[in-house]
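Report on the structure given below.
In listed order, ligands and their atoms are each counted from 1. As the structure is a computational prediction, the values presented were derived from the model and not from experiment.
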Amino acid sequence: MQNVLVTGGAGFIGSNFVRYLLGVEPDIRIINLDALTYSGSLENLKELPRSDRHIFVKGDICDPGLVAKLLQEYEIDTVVHFAAETHVDRSILDPGQFIQTNIVGTTTLLETVRRYWMNEPGMENAIKRFHHISTDEVFGSLAPDEPAWTEESPYDPHSPYAASKAASDHLVRAYGHTYGLPYTLTNCTNNYGPYQYPEKLIPLVILNALEGKPLPVYGDGRQIRDWLHVEDHCEAIYLVLKHGLAGGSYHIGGANQLTNIEIIEAICEILDERLPSSPHKPHRQLIQFVTDRPGHDRRYALDFHKIERDLDWKPRHTIRNGLRDTVDWYLAHPDWVAGILKKKEYQEWLGKNYTR
Ligand code: NAD
Ligand code: TYD
């Protein structure tokens, strides 16, 4: 792993991964291809360790000419593919972009990488890896007492987002099976931590609470997610890149299954503690039950024994400490927060989604 193409590296998980990888592999070269859509920002890439080893390229994974040029120019041996449309609620309101980025974009990337790795003189014998980041949502929805999904569980996606990610996973595996593309694939649970765009539950609740705005709980708030700290996720991806078997899939979970209402109440308690003189205290008074998300999945959970056993990984963060650190990060980065709050796109999104 010398010249790594990271796609979507200006987004939440991608930017955390770029920072992580430059920390553990200071001599690596990272080419970060990101279209800077609403959720990507160069603000997420400030103060990188070894920033001289990081090259940012603004561009689209759906552009085969650009991808081919980057592969050649930088002699890419490893691709880590994060770029995607990622928010379920947006996929419900406007699925088209999810088909374009997640399915057409992933296919463009796969096809361009295949041609380069298989046709370029000198690349046939190089050690190469295409790593695809996927989600637990491709498996559907679990009842509260059902066992967590394993790597062998069948796909049953429910939302347009989940269906587009499932399609991209199938394409990655098809390229492995048909052309021998050396891929690995990870499915992970809900991530949280620094630099997450505040359309997702945890940062949305933190920022709304700071402004004294309602904390919207979809439906009865008893849906369950397993929460994975983004740093634990980055470490797991790194181990899969270093030691995972080509053609293999690995589940990555946080071992923190909580209902949405439990998460929101925990954030409120932390804010009460951190901001004792806030006029919005107790913050739980801001909780407001709103119309449910259409087709809302009840529970996601992954069985991640395989990565524990084969790669000796397990999550380090408990949800208590991880949430506290996350709230503290948002409190300590008012400029980052203000930059998003003042964006027209963000305010328009809130208006559109929460009046629905
Ligand atoms: P994000 O929305 O924060 O970031 C996505 C990034 O991709 C942005 O920087 C955006 O500009 C970029 N992008 C979008 N379309 C692009 C295109 N056509 N070309 C180039 N760049 C493009 O998302 P995230 O939460 O960091 O998610 C990253 C990956 O992890 C996604 O593949 C997502 O499906 C997966 N994932 C996320 C979670 C989670 O909880 N956040 C859970 C499971 C899986
Ligand atoms: P989200 O962060 O959008 O992730 P995902 O849908 O990929 O799991 O949502 C997490 C959970 O929180 C999900 O069950 C939907 C719920 N939710 C709310 O109750 N209110 C909100 O405003 C949002 C954004 C999510």
Side-chain angles (χ1 to χ4, degrees), residues 6-18 32-42 44-45 57-63 66-67 80-92 97-98 100-102 104-106 108-109 132-138 141 158-159 161-162 164-165 168-169 186-193 195-205 208 214-230 233 237 252-254 258-261 263-264 287-293 295-300 302 349-350 353-354:
V6 172
T7 71
F12 162 48
I13 307 175
S15 64
N16 275 283
F17 181 73
V18 166
N32 184 350
L33 173 62
D34 194 299
L36 296 181
T37 67
Y38 76 90
S39 68
S41 169
L42 294 179
N44 299 350
L45 292 164
V57 179
K58 182 173 188 290
D60 193 332
I61 55 165
C62 299
D63 177 348
L66 173 63
V67 176
V80 188
H81 178 32
F82 294 95
E85 288 294 330
T86 61
H87 190 34
V88 173
D89 292 325
R90 289 186 194 251
S91 84
I92 293 169
Q97 195 55 45
F98 287 71
Q100 180 63 17
T101 302
N102 300 358
V104 177
T106 301
T108 307
L109 204 56
H132 181 62
I133 312 295
S134 188
T135 167
D136 52 7
E137 307 196 22
V138 297
S141 179
H158 292 168
S159 69
Y161 163 64
S164 66
K165 289 297 289 185
S168 68
D169 294 8
T186 46
N187 300 89
C188 65
T189 59
N190 284 56
N191 282 223
Y192 69 103
Y195 300 102
Q196 186 167 31
Y197 194 77
E199 62 186 351
K200 306 278 168 59
L201 181 69
I202 289 179
L204 179 99
V205 166
N208 277 14
L215 312 180
V217 184
Y218 295 165
D220 65 3
R222 310 237 160 259
Q223 300 80 9
I224 295 171
R225 300 291 183 264
D226 172 37
W227 294 95
L228 169 67
H229 194 280
V230 67
H233 186 194
I237 296 169
I252 307 170
L258 277 92
T259 62
N260 293 338
I261 195 75
I263 283 283
I264 295 169
I287 291 175
Q288 199 174 99
F289 288 85
V290 301
T291 313
D292 207 354
R293 170 188 280 175
H296 198 170
D297 286 335
R298 203 66 190 161
R299 174 173 164 243
Y300 304 139
L302 293 178
W349 165 252
L350 295 181
N353 193 49
Y354 294 96

Task: Interfacing atoms of ligand 2 (cut-off 4.0 Å, heavy-atom, H87) - done: 3 (O)
Open item on the list: As a check for students: among A83, S15, G14, A10, identify the option with a heavy atom nearest to atom 13 (N) of ligand 1.
Closed with: A83
TODO: Run the numbers for me: atoms of ligand 1, each under 4.0 Å from some heavy atom of C188, listed by number.
DONE: 42 (C), 43 (C), 44 (C)
Task: Enumerated ligand 2 atoms positioned under 4.0 Å from heavy atoms of V88 - done: 6 (O), 7 (O)
Open item on the list: I'd like to check whether H81 has a polar contact with ligand 1, where a contact means an N/O of the residue lying under 3.5 Å from an N/O of the ligand.
Closed with: no
Open item on the list: Using the ring-ring contact (aromatic ring centres under 6.0 Å, His included) definition, which of the options Y161, W349, F98 pairs with H87?
Closed with: W349
Task: Within-4.5 Å side-chain heavy-atom neighbours: Y218 and T291 - done: no
Task: Atoms in ligand 2 with a heavy atom of H296 nearer than 4.0 Å - done: 13 (C), 14 (O), 15 (C)
Open item on the list: Below 4.0 Å, non-hydrogen atoms only: which portion of L201 touches ligand 2? Side chain, backbone, both or neither.
Closed with: both
Open item on the list: Yes or no: does D136 have any heavy atom under 4.0 Å from an atom of ligand 1?
Closed with: no
Task: Polar proximity ligand 1 side, E85 side, N/O cut 3.5 Å exclusive - done: no
Task: V217 neighbourhood, listing ligand 2 atoms whose heavy-atom distance to it stays under 4.0 Å - done: 19 (O)
Open item on the list: Checking the N or O distance criterion of under 3.5 Å, is ligand 2 in contact with N190?
Closed with: yes
Task: Residue and atom name of the nearest protein heavy atom (relative to atom 19 (O) of ligand 2), distance in Å to one decimal - done: Y218 N, 2.9 Å
Task: Backbone or side-chain N or O of N191 under 3.5 Å from ligand 1 N or O - done: yes
Open item on the list: Show me which atoms of ligand 1 lie under 4.0 Å from any heavy atom of T189.
Closed with: 42 (C)
TODO: Have a look at ligand 2 and work out which part of T135, if any, has a heavy atom under 4.0 Å from it: side chain, backbone, both or neither.
DONE: neither
- [ ] Report yes if some N/O of S39 lies less than 3.5 Å from some N/O of ligand 1; otherwise report no.
- [x] yes
Open item on the list: Closer than 4.0 angstrom, basic N to acidic O: yes or no for R298 and D220?
Closed with: yes
TODO: Using distance alone, decide if ligand 2 has a nitrogen or oxygen within less than 3.5 Å of any nitrogen or oxygen in D297.
DONE: no
TODO: Using a strict 4.0 Å cut-off to heavy atoms of E199, name the atoms of ligand 2 that fall inside it.
DONE: 24 (C)
Open item on the list: Using the ring-ring contact (aromatic ring centres under 6.0 Å, His included) criterion, which residues pair with Y300? Sequence neighbours excluded.
Closed with: none
TODO: Classify the contact between Y354 and ligand 2 as side chain, backbone, both or neither, using a heavy-atom distance cut-off of under 4.0 Å.
DONE: side chain
Open item on the list: Below 3.5 Å, N or O to N or O, backbone or side chain included: is there any such pair between W227 and ligand 2?
Closed with: no
- [ ] Please could you name the atoms of ligand 1 that L36 approaches to less than 4.0 Å, counting only its heavy atoms?
- [x] 11 (O)
TODO: List every atom of ligand 1 that sits less than 4.0 Å from any heavy atom of D60, numbering the atoms from 1 in the order shown and giving each element.
DONE: 17 (C), 18 (N), 19 (N)
Task: Numbered atoms and elements of ligand 1 in range of G40, under 4.0 angstrom, heavy atoms - done: 8 (C), 9 (O), 11 (O)
Open item on the list: Checking a contact table here: which protein heavy atom is nearest atom 16 (C) of ligand 2, and how many Å away?
Closed with: N260 ND2, 3.4 Å
Open item on the list: Evaluate N190 for polar contact with ligand 1, using N/O atom pairs at a separation under 3.5 Å.
Closed with: no
TODO: Within a distance under 4.0 Å of any heavy atom of I133, pick out the atoms of ligand 1 and give their elements.
DONE: 30 (O), 32 (O), 35 (C)
Task: R299: salt bridge (charged side-chain N to carboxylate O under 4.0 Å, His left out) partners, not counting sequence neighbours - done: none
Task: Distance filter under 4.0 Å to L204 heavy atoms, resulting ligand 2 atoms - done: 22 (O)
- [ ] Below 4.0 angstrom from a heavy atom of F82, which ligand 1 atoms are there? Numbered from 1 as shown, please.
- [x] 28 (C), 29 (C), 31 (C), 32 (O)
Open item on the list: Looking at ligand 1, would S134 count as a contact under a 4.0 Å heavy-atom criterion?
Closed with: yes
Open item on the list: Rounded at 0.5 Å granularity, tell me how far OG1 in T7 sits from CD1 in I61.
Closed with: 5.5 Å
Task: K200, E137, R293, Q223: member with heavy atom nearest to atom 9 (O) of ligand 2 - done: R293
Task: Spacing of OH belonging to Y192 relative to NE2 belonging to H229, to within rounding of 0.5 Å - done: 5.5 Å
- [ ] Please could you name the atoms of ligand 2 that P216 approaches to less than 4.0 Å, counting only its heavy atoms?
- [x] 18 (C), 19 (O), 20 (N), 21 (C), 22 (O)
- [ ] Around atom 37 (C) of ligand 1, find the nearest protein heavy atom and jot down its residue, atom name and distance.
- [x] I13 CD1, 3.5 Å
Open item on the list: Please list, in number order, the atoms of ligand 1 under 4.0 Å from a heavy atom of T135.
Closed with: 43 (C), 44 (C)
